[in-house]
Amino acid sequence: MLVNSKKMLLNAKKKGEVVFHFNINNLEWTKCILEKCDELKVPVILGVSESAIKYMGGYDVVASLVYSLIVDLEIKTDVCLHLDHGKSVESCMRAIDAGFTSVMLDMSNKPYQENVEKVSEVVKYAKNNDVSVEAEIGSMGELKNNQLEKGTNTTLEDCVRFVQDTKVDSVAPSVGTVHGIYKGELNIDYKLIENLANEVPVPLVLHGGSGLDIKVLKKCKEAGITKININSDIQDAWSKAVREFIEKNKEVIDPRKIIGAGFDAIKETVASKININK
Ligand code: 13P
């Protein structure tokens with residue numbers, strides 16, 4: 001069933017578990033993730049960035065794709081369709097109008113007051129449509145040409161105030177992770193996560209979950225993270241499998257066979273992350 005993320009995250013928070021957000025890029029990604037999460041009987045958040053939405057054709061295409069797959073594949077588990085890193089109030093509204101059940105407005109690179117004002121606008125619109133809202137505070141590090149550009153972690157005070165000021169349903173505080181597969185030592189502030197989990201009344205989201213050892217993800221969960229976002233690790237696993245298949249099967253031209261050569265890799269990656277709740 002398609003739901004917003006409120007109940008699934010609050011349930012997970014109560015049980016000390018994590019709900020995974022996996023980014024989708026196309027029909028095949030969506031199908032593999034839905035099938036695996038349904039098989040494992042775990043709720044899932046399908047994250048879609050604005051660029052992935054553009055790639056797939058638009059907000060309505062994405063919403064109808066997800067709605068239709070849930071029906072045709074007879075998916076029983078709870079599924080949330082989430083706009084990942086929405087860049088403007090308008091794009092969040094567009095997603096809500098198309099049938100997304102959750103949106104993130106990322107104004108983390110803007111001054112605090114502007115972040116609060118824009119996110120509050122989205123919260124107001126979302127509440128009227130039973131849609132959940134995530135927002136980000138602090139600035140995350142970025143991988144640029146394989147070099148880490150450090151971000152600035154949020155402070156406990158700012159994060160508490162931000163949640164009060166905006167009334168968001170979940171918050172992504174920067175705590176030391178970066179987007180992409182960062183191979184060096186990361187400086188995740190577990191103490192900050194613990195303090196945030198004690199003081200912030202809504203579920204905490206960890207962006208940049210790829211490239212992190214399962215033990216690190218578990219430690220984040222134990223410190224108080226409720227939602228973990230994974231994108232690059234699935235892309236990495238899929239592309240390695242497809243590359244290997246193409247090299248070994250140069251005569252194959254059927255795109256279903258080529259693209260399909262990476263399905264097991266997508267599903268195995270999804271399952272390996274979900275394992276941290278065991
Ligand atoms: P990764 O690519 O590091 O998994 O980050 C995903 C993410 O945070 C999407 O919002």
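Just so you know, ligand 1 is whichever comes first in the structure, and atom 1 is the first atom listed for that ligand. The structure displayed is predicted, hence computed values, not measured ones.
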Engineer: Are N23 and D84 close enough that a side-chain donor and a side-chain acceptor fall under 3.5 Å?
Structural biologist: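 Yes - a donor-acceptor pair under 3.5 Å links their side chains.
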Engineer: Under the criterion salt bridge (Lys or Arg N to Asp or Glu O under 4.0 Å), I'd like the reasoning laid out for D97 against R94: C-alpha separation, chi angles, the key distance, then a yes or no.
Structural biologist: CA-CA 5 Å; D97 291 347; R94 181 68 190 89; 5.8 Å; no
Engineer: In this structure, are over 12 heavy atoms from other groups packed under 6.0 Å from K267 atom NZ?
Structural biologist: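 More than 12 heavy atoms, drawn from other residues, nucleotides or ligands, come within 6.0 Å of this atom.
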Engineer: Taking NZ, NE, NH1 and NH2 as the nitrogens, is one of them in E134 or K227 under 4.0 Å from a carboxylate oxygen of the other?
Structural biologist: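 Yes, this pair counts.
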Engineer: Return yes when atom NZ of K124 has more than 12 non-hydrogen atoms of other residues, nucleotides or ligands closer than 6.0 Å, and no otherwise.
Structural biologist: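 12 or below, so no.
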Engineer: What pairs of donor and acceptor atoms, side-chain ones from residues 270-278 against any protein atom, are under 3.5 angstrom apart with sequence neighbours left out?
Structural biologist:
residue	atom	partner	partner atom	Å
S272	OG	T269	O	2.8
K273	NZ	D233	OD2	2.7
N275	OD1	K278	NZ	3.2
N277	OD1	V18	N	2.8
N277	ND2	V18	O	2.8

Engineer: Who are the residue neighbours of ligand 1 when the rule is a heavy atom under 4.0 Å from any of its atoms?
Structural biologist: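 Residues near ligand 1: N23, D84, H85, V178, H179, G180, H207, G208, G209, S210, N229, I230, N231, S232.
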